[in-house]
Amino acid sequence: MRPGRCLLAMAALLFGAMAVPAQVATIQITTTDLVFAPAEVSAKVGDTIEWINTDVFVHTATARNGDFDVNMPPKRTVTSVLKKAGVVEYYCRYHPNMKAVLTIAP
């Protein structure tokens with residue numbers, strides 16, 4: 001192989017390795033006894049949150065900055081995908097003492 005083609009092939013391999021998409025994760029946040037658990041979670045844009053409501057009450061996960069508002073029926077699991085980076089404080093609209101923080105990395 002000629003030197004120029006070898007260099008071109010190596011560059012293509014290098015750029016191809018850089019284009020590999022990042023792994024996304026599924027993170028579980030549970031509501032039990034009127035508490036979000038865990039109360040502090042770190043995630044990345046693109047990750048999926050499984051909101052698991054084990055209570056007999058309806059809950060929400062409502063971002064104070066308006067980024068999301070998830071309705072969680074009793075004894076159900078719902079999912080949402082994180083779309084924006086930042087530190088998001090959220091609470092339950094029906095039970096305002098339920099509070100937690102989600103830190104979302106780009």
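These figures come from a predicted structure and were not determined experimentally. Values below: every heavy atom of this structure, side chains too, minus hydrogens, waters and symmetry copies.
In this model, no donor atom of one side chain and acceptor atom of the other lie less than 3.5 Å apart for Thr79 and Trp51.
Going from atom NZ of Lys99 over to atom OG1 of Thr62 covers 13.5 Å, rounded to the nearest 0.5 Å. Distance CD1/Ile29 to CG/Asn53: 12.5 Å, rounded to 0.5 Å. Glu40 CD to Thr103 OG1: the interatomic distance, rounded to the nearest 0.5 Å, is 7.0 Å. Annotation: the span from Ser80 atom OG to Glu50 atom CD amounts to 10.0 Å, rounded to 0.5 Å.
Using a 4.5 Å heavy-atom cutoff, the side chains of Thr31 and Ile52 are not in contact. Side chains of Thr54 and Thr32 form a contact here, defined as non-hydrogen atoms less than 4.5 Å apart. The side-chain heavy atoms of Leu34 and His59, taken from C-beta on, include a pair separated by under 4.5 Å. For the pair Arg93/Asp69, a side-chain contact is recorded, criterion being any heavy-atom separation below 4.5 Å from C-beta on. Between Arg64 and Tyr90, every side-chain heavy-atom pair lies at or beyond the 4.5 Å cut-off. Side chains of Pro38 and Thr30 form no contact here, defined as non-hydrogen atoms less than 4.5 Å apart. Looking at Ile104 and Val88, their side chains come closer than 4.5 Å, going by heavy atoms from C-beta outward.
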Practice prompt. Before giving the answer on ring pair (Phe, Tyr, Trp, His ring centres under 6.0 Å), spell out for Phe36 and Tyr91 the whole-Å C-alpha distance, their side-chain angles and the decisive distance to 0.1 Å.
Written response: CA-CA 9 Å; Phe36 288 111; Tyr91 66 102; 9.0 Å; no
Fill in: Residue pair Thr48, Thr26: steps toward the side chain to side chain donor-acceptor pair (under 3.5 Å) verdict
CA-CA 5 Å; Thr48 297; Thr26 299; 4.7 Å; no
Practice prompt. Before giving the answer on side chain to side chain donor-acceptor pair (under 3.5 Å), spell out for Asn71 and Thr60 the whole-Å C-alpha distance, their side-chain angles and the decisive distance to 0.1 Å.
Written response: CA-CA 5 Å; Asn71 189 50; Thr60 69; over 6 Å; no
Fill in: Derivation and outcome, side-chain contact (heavy atoms from CB on, under 4.5 Å), residues Val101 and Val87
CA-CA 7 Å; Val101 177; Val87 176; 3.8 Å; yes
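Look at Lys75 and Asp55 and you find no salt bridge, because none of the NZ, NE, NH1 or NH2 atoms lies under 4.0 Å from a carboxylate O.
At most 12 non-hydrogen atoms from other residues, nucleotides or ligands lie less than 6.0 angstrom from CD of Glu89.
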